Visitor: 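Let me give you the structure first, and then I'll get to my questions.
All of these numbers come straight from a predicted model, not from anything done at the bench.
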Amino acid sequence: MKKNNSICMRLFYYGYGLALIFTLSSCTKDYIDPSRALNEEALSSSQALTDISIGLQRTYSYLRTSNIYNKVTANGFVTNELLLRNEGNIPELQLSTGGSTVDGTNTVLAGLWTSSNKIIYDANLVIQNARKLADKNRASGIIAYTTVLKALSLGDLAMNWEQVPATVGRNASFVDRMEGYRMAISSIDSALLFTETDSISNAFLQDIPAASIDIKNTLYALKARYSLYIGDYEEALSAASQVDLKKVSVFAYDNVSPNPIYTFATSTNNVFQPKDEHLGLPEALYPDPNDQRVLFYIENANPAPPAVRIKGFWFTNESPIPVYLPGEMLLIKAEAYARTSRLDLALIELNKVITKKPNDDVYGLGAAMPGLTDPYSEEELLTLIYKHRCIELFMSGLKLEDMRRFNRPQTEMKRNFFPYPFVERDNNANTPADPTF
């Protein structure tokens, strides 16, 4: 589909994509559609499949119902990154309070759960049908692009719940969350194989949102992230090394589809703001006063309350939100080396983050500090890596997983895993018991 094709036709298929998206309210539904013939006809069209995949990006990244808003919010409160601004926001109040106050009624968690499962279900449909297309280069693009959204959604489930649905269907069984990461990696490997066999067509790249997701770099970045999480350090190193750190990969926004964190938090000052100028870290891990990343992410609002306010990737309604950061790839390599006792290589990668100047980063994010020179034990180096992950990846929705992997004290977090939403428990007899903390 060319850029100058009928807008009405594009809206027709986008509307169909939304119809597919809203068929799923939990992972327990049957998907028997009385207009199946029409659906099958639409799913056989490369044009429709392209627009449905674009709709998945919108579901993931736009509005308060999106994964972006809900994972940043849920993670931010329970890891002490965020400060509640209005106790009338009950779901956010529960998360800010933590502990048993957070239950299956929480709509932030229900939104993250439901949106993730919707995307996985619809992505499976798109990928399955894209494989049948005659134009293999467009098919490659559709599969790879859709897999980015599917892998992110699988990862979001695995980061926040102890177990994740093994499939999407009535009374779906559950598997350990590490299997959720493995499913994401398997999907990524399959998508990368498609792109190696048949390169992504330029026509497809012209159809998806401009200046947005860099597909292949993002697939490798997500593979590196999830390989690190499951402890496959060699795969994490290999995948992170494949990522071009000079390429931008973002969820893009504009006045029509604004940045959801800006819309509901930054601009209103009514839901949350950063907890403090230390980014919520304990005293032993406070950022260095000269670390330029702090003032990238926050601005000092004294004397008006609160003391600090959101900046960074959520400062305007058009601020793009990165899918991953170059610094994350460097820190993945640093951690993988440290956990395999290659401490000299770990320190080299860590220092690349610490010494990086804003002008040397595609997003302008840099600490611009002197590198570390002292010899460190593995434990000391891992603590430093954790500290710099917390600073570099502030408000990314990744911190809770980091706190578990680095064995941070439970006193530093308000939850370890989240309870399963009632939208799932009420419809699925296989829903696991909720965690106690």
Side-chain angles (χ1 to χ4, degrees), residues 75-76 79-81 159 221 224-234 236-237 239-241 243 245 274-298 312 322 324-358 360-361 363 365-413 416:
N75 255 260
T79 64
N80 289 303
E81 287 182 327
M159 276 189 283
R225 178 186 294 173
Y226 300 144
S227 295
L228 182 77
Y229 290 174
I230 65 172
D232 192 341
Y233 301 124
E234 295 308 318
L237 283 166
S241 297
V243 180
L245 303 186
K275 183 178 180 181
D276 53 38
E277 67 273 21
H278 307 301
L279 308 184
L281 285 167
E283 185 174 0
L285 301 180
Y286 278 178
D288 187 285
N290 296 316
D291 191 329
Q292 294 186 29
R293 293 172 297 182
V294 175
L295 291 182
F296 175 91
Y297 279 124
I298 67 171
Y324 64 90
L325 288 172
E328 182 188 2
M329 297 302 106
L330 298 173
L331 289 163
I332 285 173
K333 294 169 76 172
E335 183 180 343
Y337 282 133
R339 292 192 186 276
T340 52
S341 301
R342 290 172 279 184
L343 303 188
D344 54 340
L345 295 175
L347 186 58
I348 289 171
E349 297 299 327
L350 177 58
N351 274 334
K352 289 179 183 177
V353 175
I354 293 172
T355 62
K356 176 162 56 77
K357 295 179 174 62
D360 295 329
D361 183 87
Y363 300 106
L365 175 63
M369 295 191 302
L372 303 174
T373 58
D374 293 340
Y376 296 99
S377 68
E378 182 174 320
E379 181 180 357
E380 290 170 334
L381 199 51
L382 284 170
T383 298
L384 285 167
I385 291 168
Y386 170 76
K387 169 184 173 177
H388 286 282
R389 282 184 64 90
C390 291
I391 300 169
E392 187 86 4
L393 307 178
F394 182 65
M395 280 180 62
S396 63
L398 304 179
K399 186 177 176 181
L400 187 56
E401 183 65 84
D402 284 355
M403 297 183 91
R404 299 188 203 104
R405 291 186 304 105
F406 287 88
N407 297 314
R408 298 304 302 175
Q410 288 198 346
T411 53
E412 292 182 11
M413 62 185 83
N416 193 1

Visitor: How long is the span from the SG atom in Cys390 to the CD1 atom in Ile385, to the nearest 0.5 Å?
Guide: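 Separation between the atoms: 12.0 Å.
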
Visitor: Does the pair Arg389 and Ile332 meet the rule for a side chain to side chain contact (heavy atoms under 4.5 Å, CB included), with working shown?
Guide: CA-CA 9 Å; Arg389 282 184 64 90; Ile332 285 173; 4.1 Å; yes

Visitor: Please test Thr383 against Leu285 for side chain to side chain contact (heavy atoms under 4.5 Å, CB included), starting from the C-alpha separation and ending with a verdict.
Guide: CA-CA 9 Å; Thr383 298; Leu285 301 180; 3.8 Å; yes

Visitor: Grab the two heavy atoms, one from Ala336 and one from Leu237, that are nearest each other, plus how far apart they are.
Guide: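 That would be CB-CG, 3.6 Å.
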
Visitor: With a 4.5 Å heavy-atom cut-off, do Arg408 and Pro282 have their side chains touching?
Guide: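 They are in contact (side-chain heavy atoms under 4.5 Å apart), so the answer is yes.
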
Visitor: Within the 4.5 Å heavy-atom criterion, are Ser227 and Tyr233 side-chain neighbours or not?
Guide: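 No; the side chains remain at least 4.5 Å from each other.
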
Visitor: Counting C-beta onward and ignoring hydrogens, is there a side-chain heavy-atom pair between Leu398 and Asn75 closer than 4.5 Å?
Guide: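 Counting from C-beta outward, Leu398 and Asn75 never come under 4.5 Å.
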
Visitor: Under 4.5 Å between any side-chain heavy atoms of Leu281 and Pro287, yes or no?
Guide: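 Side-chain contact under 4.5 Å: yes.
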
Visitor: State, to 0.1 Å, how close Glu412 and Met403 come at their nearest heavy-atom pair, and which atoms those are.
Guide: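 For Glu412 versus Met403, the nearest heavy atoms are O-CE, 3.3 Å.
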
Visitor: Looking only at atom types and distance, does a side-chain atom of Gln292 sit under 3.5 Å from a main-chain N or O of Ala368, one as donor and one as acceptor?
Guide: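 The answer is no, because no donor-acceptor pair under 3.5 Å joins these two groups.
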
Visitor: Would you confirm whether Glu380, through its side chain, and Ser377, through its main-chain N or O, come within 3.5 Å as a donor-acceptor pair?
Guide: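 Checked: pair present.
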
Visitor: Measuring only between side-chain heavy atoms, which start at C-beta, is Leu245 closer than 4.5 Å to Asp361?
Guide: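 Side chain of Leu245 against side chain of Asp361, heavy atoms only: no contact under 4.5 Å found.
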
Visitor: Are Glu328 and Arg225 ion-paired here, with the side-chain N under 4.0 Å from a carboxylate O?
Guide: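 Answer for the salt bridge query: yes.
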
Visitor: To the nearest 0.5 Å, tell me how far Thr355 OG1 sits from Lys357 NZ.
Guide: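 Nearest 0.5 Å value for the OG1-NZ distance: 7.0 Å.
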
Visitor: With a 4.0 Å cut-off on N to O distance, would you call Glu392 and Lys387 a salt bridge?
Guide: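 A salt bridge is absent here (no side-chain N lies under 4.0 Å from a carboxylate O).
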
Visitor: Short question: side chain of Lys333, backbone of Glu349 - any donor-acceptor pair under 3.5 Å?
Guide: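 No.
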
Visitor: Quick check: does any side chain N or O of Asn351 sit under 3.5 Å from a backbone N or O of Leu372, one acting as donor and the other as acceptor?
Guide: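 Yes; at least one donor-acceptor contact below 3.5 Å.
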
Visitor: Enter the distance from Ile298:CD1 to Met395:CE here, rounded to the nearest 0.5 Å.
Guide: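 Between Ile298 CD1 and Met395 CE, I get 11.5 Å after rounding to 0.5 Å.
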
Visitor: Are any non-hydrogen side-chain atoms of Met159 and Leu400 less than 4.5 angstrom apart?
Guide: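 A side-chain contact is absent here, since even the closest heavy-atom pair is not under 4.5 Å.
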
Visitor: How many angstroms lie between CD in Glu335 and CG in Leu228, if you round to the nearest 0.5 Å?
Guide: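 The distance works out to 4.0 Å.
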
Visitor: Would Arg342 and Glu234 pass as an ion pair if we require N to O under 4.0 Å?
Guide: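 Yes, this pair counts.
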
Visitor: Knowing that exactly one of Phe394, Tyr297, Tyr286 qualifies, which makes a ring pair (Phe, Tyr, Trp, His ring centres under 6.0 Å) with His278?
Guide: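 The single option meeting the ring pair (Phe, Tyr, Trp, His ring centres under 6.0 Å) with His278 is Tyr286.
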
Visitor: Counting C-beta onward and ignoring hydrogens, is there a side-chain heavy-atom pair between Lys275 and Leu279 closer than 4.5 Å?
Guide: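 The answer is no, as the side chains (C-beta and beyond) never meet within the 4.5 Å cut-off.
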
Visitor: Using a 3.5 Å distance criterion without hydrogens, assess whether the side chain of Arg404 forms a donor-acceptor pair with backbone atoms of Asn416.
Guide: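 Between the backbone of Asn416 and the side chain of Arg404 there is a qualifying donor-acceptor contact (under 3.5 Å).
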
Visitor: Between CG of Leu382 and CG of Asn407, what distance do you get to the nearest 0.5 Å?
Guide: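 Spacing of CG (Leu382) from CG (Asn407) equals 10.0 Å.
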
Visitor: Quick one: which residue pairs count as a ring pair (Phe, Tyr, Trp, His ring centres under 6.0 Å) with a foot in residues 368-391, not counting sequence neighbours?
Guide: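 Sorted pair list: Tyr386-Phe406.
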
Visitor: Once you round to the nearest 0.5 Å, how far does CG of Leu330 lie from CD1 of Ile348?
Guide: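 Leu330 atom CG to Ile348 atom CD1 measures 12.0 Å (nearest 0.5 Å).
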
Visitor: Under 4.0 Å between a Lys/Arg side-chain N and an Asp/Glu carboxylate O for Arg405 and Asp402?
Guide: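 Looking at Asp402 together with Arg405, the answer is yes, because their closest N to O distance falls below 4.0 Å.
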
Visitor: Could you pull out the closest heavy-atom pair between Ala338 and Ala346, with the gap in Å?
Guide: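 Residues Ala338 and Ala346, closest heavy atoms: N-CB, 3.6 Å.
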
Visitor: Would you name the heavy atoms of Ala240 and Ala224 that are closest together and state the gap between them?
Guide: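 Minimum heavy-atom separation between Ala240 and Ala224: N-CB, 3.5 Å.
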
Visitor: Using a 4.5 Å cut-off on heavy atoms from C-beta on, say whether the side chain of Val243 contacts that of Tyr324.
Guide: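 Side chain of Tyr324 against side chain of Val243, heavy atoms only: contact under 4.5 Å found.
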
Visitor: Could you go through the side chain to side chain contact (heavy atoms under 4.5 Å, CB included) check for Tyr337 and Leu343 one step at a time?
Guide: CA-CA 6 Å; Tyr337 282 133; Leu343 303 188; over 6 Å; no

